[in-house]
Undergrad: 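Mind having a look at this structure? Questions to follow.
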Protein chains: 2
Amino acid sequence: MPGFKVPEITIQRLSIYLRALKKFTDEGILSSQGLARLVGTTAAQVRKDLAYFGEFGIPGQGYNIGKLKQEIRHILAVDKEWRLALVGAGKLGTALLAYPGFKREEFKIIAVFDNDPKKIGKKVEGITIEPVEKITDILLEYEVKIGILTTPADVAQSVVDKMIEGGVRGILNFAPVHLKIPEKIKLKNVDLSMELEALSYFLAKEAKHRKAKGRT
Amino acid sequence: MPGFKVPEITIQRLSIYLRALKKFTDEGILSSQGLARLVGTTAAQVRKDLAYFGEFGIPGQGYNIGKLKQEIRHILAVDKEWRLALVGAGKLGTALLAYPGFKREEFKIIAVFDNDPKKIGKKVEGITIEPVEKITDILLEYEVKIGILTTPADVAQSVVDKMIEGGVRGILNFAPVHLKIPEKIKLKNVDLSMELEALSYFLAKEAKHRKAKGRT
DNA sequence: TAGATTGTTAATCGATTAACAATC
DNA sequence: TAGATTGTTAATCGATTAACAATC
């Protein structure tokens, strides 16, 4: 099974498994069923996801928690340190810089950029804000491979182009715009409006059904 | 075709189609091919997604832009106003309150809660911060149906329980935790760590392949 | 009419679920 | 050994893509 093409959603679930496992000490055993219950999926799903990468369990027993954590860390490559750069030191950008979910040893934001002259030179979370013109040079110098984009939509594309020139290979984009990038670059979009609209759709549909059935 | 079960991913794409359409004036015609190119999908995908809801196009021509916008707005139920509440007035919460992607006519955040006595009574974006004990009452009073969760993980579940008691039916969760909710409640998780880890996995895999093939 | 594009059906692809031999 | 759970194969389910008659 290892070597097969791995679905992206499997990777996302590995991340969720790891988060759940972190609540346990390394000692002890957890079954696929046990892990599944913690994250809201099925035992078969857990075993299938892990099987893409190897055999980590003990038949009849389950998974050694410490070992499984370490294996998933290695698969996700969070057993090393990544250097990140963030562009767009607005409200969202500075909030992310301080956000515990983002402040992790494995993901070190080492540079912050903005195009507002009033912000340049100031510090956020101990990092001096640099002008966007320096993106390419600084990213090349520090070998930054992951970029975070929290600019307004209208400048996002030009920033992305600079990031890619600077050698970035993965981008986490919060700007509500479709970015054009070479196919070798990995792009993840976080679209908050989309999430709200999905909720809106779902609730409206549900309300309609309730009305149709005459319930409250 | 209308009446079929609609995949969630179709709803997400409708949201993206709408975002692209907003850049155009209502006059004029756009083909499925044209729209597909704007958002990075295929013409067949666009037509299939729309076909779940009706026939909005003109064979041989394409889609009337103004009409299509209005149809999608209606499908997503963003042609009405939703009242939202946000819990967790920390860095991320207050950033979201001010973030243009969130500040939309259709989604009015009308209440903000926190459990920090120092914050209660203060205003963020014109809204007075209330204590978490009041969540249930205030949500019931203002008939809030959508809740946004930006608390630390450890209090998220108890806050969600209060929201649901207050009549919320949809939740946008930023706390990195698996929430247990009744199945009738719609939950959308935004997991920033997961996104970063997916990038990490992808870049590490790519680096390994490059090394194996002896490329830079 | 000729050209273009829709809406829909059928074929393909890929992910999830179920089942079970292998293993501790 | 008996009981339990893994890893993997096969069956099922669901979404995407391709193809084309219907329509402007």
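First the proteins, then the strands, lettered A, B, ... as listed; each starts at 1.
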Undergrad: Using only side-chain N and O atoms of B:Y63, determine if any of them is under 4.0 Å from OP1 or OP2 of C:dA4.
TA: no
Undergrad: Across nucleotides 11-24 of chain D, 5' to 3', mark each nucleotide with B, S or - according to how protein heavy atoms within less than 4.0 Å reach it.
TA: ----SBB-B---BB
Undergrad: I want to check one thing: is the phosphate of C:dT6, taken as OP1 and OP2, less than 4.0 Å away from some side-chain N or O of B:S32?
TA: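 Checking C:dT6 against B:S32, a side-chain N or O does come within under 4.0 Å of OP1 or OP2.
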Undergrad: If I take atom CG in residue B:L68 and atom P in nucleotide C:dG7, what distance separates them, rounded to the nearest angstrom?
TA: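 About 10 Å, once rounded to whole Å.
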Undergrad: Could you give all pairs that pass the side chain to side chain donor-acceptor pair (under 3.5 Å) test and reach residues 152-161 of chain A, with sequence neighbours left out?
TA: A:Q157-A:D161
Undergrad: Report the residues that fulfil side chain to side chain donor-acceptor pair (under 3.5 Å) with A:K91, sequence neighbours left out, ordered by chain and then residue number.
TA: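 Side chain to side chain donor-acceptor pair (under 3.5 Å) check on A:K91 returns nothing, list empty.
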Undergrad: Can you list the residues that meet the side chain to side chain contact (heavy atoms under 4.5 Å, CB included) rule with A:T94, with sequence neighbours excluded?
TA: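 By the side chain to side chain contact (heavy atoms under 4.5 Å, CB included) rule, A:T94 matches A:A89, A:V124.
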Undergrad: Which donor-acceptor pairs under 3.5 Å do the side chains of residues 77-84 of chain A make with protein atoms, sequence neighbours left out?
TA:
{"residue": "A:D79", "atom": "OD2", "partner": "A:H74", "partner atom": "ND1", "Å": "2.8"}
{"residue": "A:W82", "atom": "NE1", "partner": "A:A77", "partner atom": "O", "Å": "3.0"}
{"residue": "A:W82", "atom": "NE1", "partner": "B:S200", "partner atom": "OG", "Å": "2.8"}
{"residue": "A:R83", "atom": "NE", "partner": "A:Y142", "partner atom": "O", "Å": "2.6"}
{"residue": "A:R83", "atom": "NH2", "partner": "A:Y142", "partner atom": "O", "Å": "3.2"}

Undergrad: Would you write out the dot-bracket form of DNA chain D, 5' to 3', with Watson-Crick and G-U pairs under 3.5 Å, [ ] for crossing pairs, | for pairs to other strands and . for unpaired bases?
TA: ..||||||||||||||||||||||
Undergrad: Under the side chain to side chain donor-acceptor pair (under 3.5 Å) test, which residues partner A:N64, sequence neighbours left out?
TA: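 Partners of A:N64 under the side chain to side chain donor-acceptor pair (under 3.5 Å) test: none.
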Undergrad: How would you list, by chain and number, every residue that makes a side chain to side chain contact (heavy atoms under 4.5 Å, CB included) with B:A156, sequence neighbours excluded?
TA: B:L149, B:T151, B:A175, B:V177, B:L179
Undergrad: Specify the separation, in whole Å, of atom CD of A:E55 and atom P of D:dT5.
TA: 18 Å
Undergrad: With sequence neighbours left out, what residues match A:R104 under side chain to side chain donor-acceptor pair (under 3.5 Å)?
TA: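 By the side chain to side chain donor-acceptor pair (under 3.5 Å) rule, A:R104 matches A:E106, B:S193, B:E197.
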Undergrad: List the steps and the verdict of salt bridge (charged side-chain N to carboxylate O under 4.0 Å, His left out) for B:D191 and A:R19.
TA: CA-CA 11 Å; B:D191 188 332; A:R19 191 176 72 193; 2.5 Å; yes
